[in-house]
There are 2 protein chains.
Amino acid sequence: MRIGQVAKRAGVNVETIRFYERKGLITQPPTNTGGYRQYPKEAIARIRFIKRAKELGFSLTEVLELLTLQTNPQATCADVKSRAEDKISTIHGRIKDLQKMRRSLERLAAACKGSGPLDECPIIDCFETNKKKEE
Amino acid sequence: MRIGQVAKRAGVNVETIRFYERKGLITQPPTNTGGYRQYPKEAIARIRFIKRAKELGFSLTEVLELLTLQTNPQATCADVKSRAEDKISTIHGRIKDLQKMRRSLERLAAACKGSGPLDECPIIDCFETNKKKEE
DNA sequence: CTTGACTCCGTACCATAGTACGGGGTTTAT
DNA sequence: ATAAACCCCGTACTATGGTACGGAGTCAAG
């Protein structure tokens, strides 16, 4: 199968496949006489693996680690599980940060009556002073 | 005040101030005879404004919008409030996405007993097939 | 056997938010 | 007056995950 077919079936761009190859996530397949890459069908599965791991928050570097683990006969579930748990906690941290931001913005938006000049806007005021406006 | 002082007091890097200037977030102040930038003390407040807005999730482009609004006498609280509300909802969306990821990972991690070879790992299995392992 | 679609490669570019560097000139303190 | 510390400018580089481009060669259908 040629790169275009693989790309279509895996749901990515041709350029993305070449990019993954440069990053070491995919090994370059044999080429035909014309120099075209000839992919086995497992290539599609590998690209989908990458997509799925990415969707769950793994960076390409981390996906590479996961893929490398797979070729290591000493690797066990524990290796994968610990990476998943690390990822869960970093995601958790990001959620906390975002919730903090959201709560602050909600407080400010609630304090803003939505009319009047900017120099009375509690949101702008907060940005200027980093204090809640004293009543 | 010179750039180094401003940077120190605002809690950013000198380079960052020059970067913000290039981005139009800060106007270039007058320079002394030697060509050094001479900042009024309001510059510190402006940089802190940028920092605070960034901490609440606004990108530099959005911060620029906010700052530009301030110079517009027609602008009202409503303009700021609507930007805050937009930001709240994009943050909300990101939280939802992250929660979805976290839930999926938690399900997978829970399904993984944490020992044994990788080809029996439900996490790897999910990445390969995007299905929950059938029992 | 020609045309269009596909692929090759290397490089440059996108956004984001800066950081780092190098070779100069300036200011300040001793 | 000299050295340290500061600042100037432009450019390049960081990380992340790709996308775009251009000129060339190849493959398949008519």
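What you are looking at is a predicted structure, and each value in this text was computed from that prediction instead of being measured. Chain identifiers are assigned alphabetically (A, B, ...) following the order of the sequence lines, protein sequences preceding nucleic acid strands; residue numbering begins at 1 within each chain.
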| task | Taking salt bridge (Lys or Arg N to Asp or Glu O under 4.0 Å) as the test, write out the residues that go with Arg18(A), two or more places apart. | result | none
| request: Without swapping roles, check the side chain of Glu62(A) against the backbone of Ser59(A) for a donor-acceptor pair under 3.5 Å. | output: yes
| task | Count the heavy atoms belonging to other residues, nucleotides or ligands that lie under 6.0 Å from NZ of Lys8(B), then report whether that count exceeds 12. | result | no
| How would you give the extent of chain A contacts on DNA chain C, as first and last nucleotide 5' to 3' within a 4.0 Å heavy-atom cut-off? | dC6(C) to dG10(C)
Would you mind writing out the side-chain donor-acceptor pairs for residues 20-31 of chain A within the sub-3.5 Å range, not counting sequence neighbours?
residue	atom	partner	partner atom	Å
Glu21(A)	OE1	Arg37(A)	NE	2.9
Glu21(A)	OE2	Arg37(A)	NE	3.4
Glu21(A)	OE2	Arg37(A)	NH2	3.2

| field | Euclidean distance, Gln99(A) CD relative to Ile95(B) CD1, rounded to 0.5 Å | value | 5.0 Å
| message | With a cut-off of less than 4.0 Å, is there a side-chain N or O of Arg2(B) near OP1 or OP2 of dC7(D)? | response | yes
| Tyr36(B)-Phe19(B) co-clustered via ILVMFWY side chain contacts under 4.5 Å | no
| request: Find out whether Tyr39(B) and Ile17(B) are in side-chain contact, i.e. whether some heavy atom of one side chain is under 4.5 Å from a heavy atom of the other. | output: yes
| field | Within residues 30-44 of chain A, residues whose heavy atoms come under 4.0 Å of DNA chain C | value | Gly35(A), Tyr36(A), Arg37(A)
| said: I'd like to know if the side chain of Gln70(A) pairs up with that of Glu128(B) as donor and acceptor (distance under 3.5 Å, no hydrogens or angles considered). | reply: yes
| query | Is a donor on one side and an acceptor on the other found under 3.5 Å between the side chain of Arg48(A) and the backbone of Arg9(A)? | reply | yes
| task | Using atom types as modelled and distance alone, determine if a side-chain donor or acceptor of Arg83(B) lies under 3.5 Å from a backbone N or O of Asp79(B). | result | yes
| What string of B, S and - do you get for nucleotides 18-24 of chain D 5' to 3' if you count protein non-hydrogen atoms under 4.0 Å? | BBBB---
| task | Determine, using the 4.5 Å side-chain heavy-atom cutoff (strictly less than), whether Leu67(B) and Ile44(B) are members of one ILVMFWY cluster. | result | yes
| query | When you measure from every atom of DNA chain D, which of residues 89-98 of chain B have a heavy atom less than 4.0 Å away? | reply | none
| query | Relative to the 5' end of DNA chain C, which residue comes earlier, Phe58(B) or Gln5(A), by the nucleotide with the nearest heavy atom? | reply | Gln5(A)
| Taking for each residue the nucleotide of DNA chain D bearing the nearest heavy atom, is the 5' side occupied by Gln28(B) or by Lys8(B)? | Lys8(B)
| message | For the backbone of Gly57(A) and the side chain of Lys87(A), can you confirm whether one donor and one acceptor N or O come within less than 3.5 Å of each other? | response | yes
| Do any N or O atoms from the side chain of Asn32(B) and from the backbone of Gly35(B) form a donor-acceptor pair under 3.5 angstrom? | yes
